[in-house]
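Encoded as C-alpha cells, the structure appears first; notes follow it.
In the text below, chain A, chain B and the rest are named by the order of the sequence lines, each starting its count at 1. Keep in mind the model is a prediction, meaning the values are calculated, not measured.
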Amino acid sequence: MANSKAVVRAGISSQIKSNFISYLFMLPILVFFLGFVILPMVMGVFTSFTNSNMGGSEFVGFSNYIQLFQDKNFLKSSVNTIIIVIVSVPTVAFFSLWVGSAIYKLKPAICSFFRCVFYLPVVTGSVAVVVVWKWMFDVYNGLFNHGLNAIGVQSVNWLGDSKTALLCIILILFTTSIGQPIVLYVSALGNVDQSLVEAAEVDGATKLQTFWRIKYPAIMPTTLYVMVITTINSFQCFALIQLLTSGGPNYATSTVMYLLYETAFKRYQYGYADAMGVVLAIVIAIFSAIQFKVMNGGTAE
Amino acid sequence: MKKLVSIALAAMLLLSTFSGCSAETTTAQKTDPAPATKTETETKTTPDAATTPTAPETPSAQPVEISWWAFPTFGVNSGYEQEVIDAFAKVHPEITIKLTTLDFQAGPEALTSAIEAGTAPDVLFDAPGRIIEYGRNGKLIKLDDMFTADFTKDVNNEGVISACKADGTAYMYPLSIAPFYMGINKEAFEKADALQYVNLEGDRAWTTENFTKACEALAKAAATQVPGIVYCGGQGGDQGTRALVNNLNSSSIVNADGKWAIDEKGIKSLELLQKMVTDKSLDANTAYAAADELQAFQNGVAAMSFCWGTSNSITYKSDSFTQISVPFPSEDGTPSLEFLANGFCVFDNKDDAKAAAAKTFIQFICDDGIYGPQSVVKTGAFPVRESFGNLYPDDAEKGLLSSWTKYYGPYYNTSANFTAMRTEWWNMLQRVFQGGNVAAEVEIFNAQANQSVTPAK
C-alpha cells in the first residue's frame, strides 16, 4: 500500500516536472489573457452594477439593467444588431461555401488568385475600406447614384435614408467577412477524404448528394467555426458604423456596440455602458451555444 | 541546460508581452475607429541665446516635470508647441514640459481613457466644451486665482469669461476666440445672380429674406449641385446648424431657466428650412457630417457652407473659386454668432507642485509679452485680451472677422447636459428632414435634451 502511494506520488511528480516547461511557455499568454481580457471583463461586470461616470461611482444594483430594457435607443440598437446577425451569418457562410466549392478544385495558381481577391478586403485597413465605400454611396457624386442616374433613376441617399442605411452596412460587412471563410473552406474541402467521394460517385451518387452526404459533414467543424466567428464579428460591428453613419440616421444603423461606445465616450456613463456590454456578451454566448448545439459541436456524422 | 534555455525563452516571451505598454503610438485594430495619433516629445531646458524671453527669471526652485496634451489648434505639425516650450524653458529652467499632441478624431477618447485610468495630463489645450465637462466632474484645478480684476477688465467680454466657468468656477484660462460663420462661393452666387442678395459692405450682415431669395436663385440656376447642405450627421460642427436655426428668426435654444428648449421662433426656422429642402432651394443630408459638408463646399458641390470658420477656411480652402465669409442671415440683420474659444486647463493630479508649475506655464503661453500674441496668431483666432490689440493689421479679412465680436451670442458648450443636447440635436434634425412634424420633433428634443443618458439611481 505504502509502495503504491509512493509510486503514484513519484508519477505525479514526474508529470509535473515534464509539464513545467510547457506551463512556463504558456505563462506569458496566460498573464496577457488574465490581465487584458479576464480582468477587464470582471471589472466591467462589477462596474455595470454602479452608476459610474466621470464624477464618481455608486452601487445601484440591477438598476442599469432594468433601465436598459426600457431604453428605446438600446432596444432599437438591439433589433439592428439582431438583423445584422441574422442576415450576415447565413449569407456569409453560404456564399463562402459556394465560392470555396467552386474554386478549391481549380489549378493552384488560379485558386490562389481568387483567394487573394476575396481576402483583400480583410487585410485592407477598415478606414480605407470605409472611405471608398462612403465615396461610392455618396448621394451627390457617388458611383452607385451615377449608375442609377444613367438609367434614369433618381439618386438615393444610401446612408442617409433609414430604409437603406442598414442594408449598406450589411453589404460592407459582407464584403469584409467572406475572405477568411473562403480560405478556410478551400482548405477544408481540400482535406476531404477523396476515397469516400470516389466511392460515392462509383455508387451513383449525384454531385449534390456527394456534397451533402460526404463533403458537408466532413467540413462541419469549419462551418461551425465560420458561423461562430461571423456571429461574433456581426455582433461587434462598430468601425463601419462609427466611420460611416455614426449610428444614424436617428439610430437606424446603431448597434449595441456603437451605442455602448456613444454612452461611454460621449456621455461618460461608464456603468450604463458596461451593462450594455454584459448583456451583449451574454447574448453572444447564448447564440454561440445554440450554434454549437445545433451543429453537434462540429462533429461529422 | 535545456531547462535554462527554456526558462530564458519563456522570460523573453513574458517581457515581450509587456513591451507594447511603452509604445509611443497607438495602432488601430480591425474593429477600431481611426487611431489616436499621439506623439510624445520630452523636452529638457536648454538655454538658447537667440530668443529673448520677456518674463523675469524666477528664483531657483525644485525641479518639476509636467505633461502637456495639445489638440492641433496651433496647426497640425506646426512645431509651435515645441517653440513655446523652449522659450518657457529659458525663463523657468526648473520646469520640464512633456508634450503629447492629439488629433480631434480619436483624441477625446484618449483623454477620457487617460482620465479614468488616472493618467491624465497636467495641462490640456482645448476648448471649453470638454474642459468645462471635466471641471464639473471634479477633474480640474480651479483657476479663479488667474482671473484677476486686471485680466477680466482686459478681456472685457462677459460671454468669454462665462465660457471659461462652470457654476461660477473658472476652469479654463482663455487664449483666443473666433466666430463661427458661413462661407459662400462667390462665382456660384454670381452665376445665379444671387450675389445681389448678399451684403458685401461693412460687416456683411444680411437678412433671412435675402438668404431665402439667394437659395432660390441658386437652385433655379443650378450653379452648383445643391445651394447648400444642412448636415445632420452626428459628429462635430453642430454650432453651424444651431446658429443657422437660431438666426433665421432670432430664436433661442435655451429658455429663461437655462434649460435646453427650442422656442416657437425656432420651430418657425426649422419649418422654413424644411420647406426650403422640399422646394429644393436647400438640401439636407442626414448622412453628412460637418466635414462632409465642408468638403462638398470646397469641391463646388454646394454653394455655401454653414460650418465656416478661421481654421476651416484654411483647411478647406479652394483654389477654383472665391470663398467669401458672411455672418449667418438673421431676421433683423443683426446676427448672433456662436464662437470658439481656445484655452488651457489644469488637471488635478493631486500634486500641488505640478499644479503650480502648470499654471505658470499657462500664464506664459497666454500672457507673455512676446509669446502671448504669437500664440494667438498661431491659432488663427483673435486675442481675448484687448491689450493685445489688432494682431493682423494688414489683413482685411481678419479685420472683418474681428469686428463680429460684437455679435457674439451665448456660449452653449459649457451649459449643463450639452453633450446630451448635442446628440439629441442631430437626432431632431434627422427626424425633421426625414419629413417629421417639426413641432412634435422639437417637443421630443426639448424633453430629451435635458436628460443625461439614464444614470441609474
Side-chain angles (χ1 to χ4, degrees), chain A residues 20-21 24-25 27-29 31-32 51 53-56 58 60-61 63-64 66-68 70-71 73 122 125-127 137-141 157-162 165 233 236-239 242-251 257 261-272 275, chain B residues 2-3 6-7 9-18 28-35 108-109 112-113 115-116 133-134 136-139 225-226 229 232-235 283-289 292 296 299 301-302 419-420 422-423 426-428 430-431 433-434 452-457:
Chain A
F20 174 72
I21 303 296
L24 206 56
F25 272 102
L27 188 62
I29 196 65
V31 168
F32 181 89
N51 64 352
N53 55 68
M54 197 179 278
E58 273 176 9
V60 292
S63 298
N64 282 334
I66 294 168
Q67 199 65 40
L68 261 185
Q70 295 169 349
D71 182 351
N73 291 335
V122 178
S126 53
V127 174
F137 281 128
D138 185 66
V139 64
Y140 305 113
N141 289 314
N157 192 353
W158 298 100
L159 297 173
D161 188 340
S162 49
N233 287 341
Q236 295 181 340
C237 177
F238 168 75
Q242 209 244 359
L243 294 170
L244 266 181
T245 59
S246 302
N250 201 21
Y251 293 98
M257 264 316 277
Y261 157 81
E262 184 183 271
T263 305
F265 287 98
K266 293 203 184 301
R267 298 181 192 244
Y268 310 120
Q269 302 294 337
Y270 311 126
Y272 194 55
Chain B
K2 212 168 155 186
K3 207 183 259 186
S6 305
I7 292 170
L9 278 172
M12 269 170 54
L13 280 171
L14 187 62
L15 281 171
S16 70
T17 305
F18 293 104
Q29 293 179 4
K30 191 177 171 194
T31 54
D32 279 354
E109 281 85 37
T112 304
S113 302
I115 291 167
E116 293 310 313
E133 189 74 38
Y134 300 148
R136 277 212 179 89
N137 284 290
K139 304 296 179 187
Q225 273 184 271
V226 289
I229 303 169
C232 311
Q235 303 278 11
D283 196 22
N285 196 324
T286 51
Y288 258 37
D292 301 311
N299 295 339
V301 171
T419 314
R422 183 147 70 163
T423 305
W426 295 124
N427 291 341
M428 184 270 300
Q430 287 169 12
R431 292 193 301 267
F433 291 113
Q434 286 190 313
S452 299
V453 168
T454 347
K457 292 282 178 216

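Taking every heavy atom of both residues into account, A/A165 and A/P249 meet most closely at CB-CD, 3.9 Å. Contact record, A/D161 with B/Q434: CA-NE2, 4.1 Å, taken as the closest heavy-atom pair.
The backbone N or O of B/C232 lies less than 3.5 Å from a partner atom in the side chain of B/Q430, making a donor-acceptor pair. Although no hydrogens or angles enter the test, the distance criterion places a donor-acceptor pair under 3.5 Å between the side chain of A/N53 and the main chain of A/G55.
Within the 4.5 angstrom heavy-atom criterion, only side-chain atoms of A/Y268, from C-beta onward, approach chain B. At a 4.5 Å heavy-atom cutoff, the contact between A/E262 and chain B is made by side-chain atoms alone. Of the two parts of B/Y134, the backbone and the side chain both hold a non-hydrogen atom closer than 4.5 Å to a non-hydrogen atom of chain A. Using a 4.5 Å cut-off between heavy atoms, A/N157 contacts chain B through its side chain alone, with no backbone atom that close.
Side-chain contact between A/L68 and A/Y272 is present, with heavy atoms from C-beta onward closer than 4.5 Å.
Looking only at heavy-atom pairs under 4.5 Å with chain A, the residue among B/I115, B/N299, B/D283 that has the most is B/D283.
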